[in-house]
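A short write-up of the structure that comes next.
Numbers for residues simply follow the sequence, beginning at 1.
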Amino acid sequence: MKLEVTRDVIGDLYPLCRAGEASRDSQSLVKQYLAEDKEYAMKLTQSEQMPHSIPSIQLSPDAERLLLDDARERARLKLLLIGGSIALAGLLAIGALGMLFIRSGGF
């Protein structure tokens with residue numbers, strides 16, 4: 001069974017090849033395909049020259065620390081809220097079971 005190599009396959013492999021993360025076989029396949037499809041090779045080359053959609057943000061160490069501390073505090077508060085909710089649900093369940101036990105006459 002022979003598989004057809006499409007532009008989508010090459011488009012998936014191309015960034016790996018550029019980063020040096022693809023196997024030799026994948027690099028060879030991409031190189032061979034792009035040698036035969038000059039139009040697509042040009043599109044891929046042009047796409048590398050386009051500015052990245054997400055700008056790089058450089059934060060000072062102090063700003064990073066503040067963001068990290070804020071994230072930790074939010075996570076701590078969420079855990080407290082979840083734990084409190086679970087504890088309250090447990091107490092309500094125990095209370096409801098106690099009421100059922102009392103109404104049924106107990107032992």
Measuring from atom [atom1] of [X] to atom [atom2] of [Y], what distance do you get when rounded to the nearest 0.5 angstrom?
| X | Y | atom1 | atom2 | answer |
| --- | --- | --- | --- | --- |
| K38 | T45 | NZ | OG1 | 10.0 Å |
| C17 | L34 | SG | CG | 8.5 Å |
| I86 | L91 | CD1 | CG | 12.0 Å |

Q27 and Y14: side-chain donor and acceptor closer than 3.5 Å?
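No, Y14 and Q27 have no side-chain donor paired with an acceptor closer than 3.5 Å.
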
Where do D37 and R7 come nearest, in terms of heavy atoms and distance?
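Taking every non-hydrogen atom into account, OD2-NE, 3.0 Å.
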
Which heavy atom of P15 sits nearest a heavy atom of G11, and at what distance?
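Shortest heavy-atom separation between P15 and G11 comes out as CD-O, 3.1 Å.
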
Linking I/L/V/M/F/W/Y whenever their side-chain heavy atoms sit closer than 4.5 Å, directly or via other members, would L3 and L29 fall into one cluster?
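Unlinked, L3 and L29 end up in two clusters.
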
If hydrophobic clusters are built from ILVMFWY residues whose side chains come within less than 4.5 Å, do I10 and M42 share one?
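As far as the 4.5 Å side-chain criterion goes, M42 and I10 are not connected within one cluster.
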
I'd like to know if the side chain of S104 and the backbone of L100 have a donor-acceptor N/O pair within less than 3.5 Å.
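Indeed, once roles are kept as given, a pair shorter than 3.5 Å links the two residues.
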
For S85 and L81, indicate whether the former's side chain and the latter's backbone hold a donor-acceptor pair under 3.5 Å.
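Checked: pair present.
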
Suppose we screen for side-chain contact (heavy atoms from CB on, under 4.5 Å). Which residues come up paired with E36, at least two apart in sequence or across chains?
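E36 satisfies side-chain contact (heavy atoms from CB on, under 4.5 Å) with Q32 once adjacent residues are dropped.
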
Side-chain contact test, heavy atoms from C-beta onward, threshold under 4.5 Å: evaluate it for [X] versus [Y] and give yes or no.
| X | Y | value |
| --- | --- | --- |
| R72 | D69 | yes |
| V9 | T6 | yes |
| E48 | L44 | no |

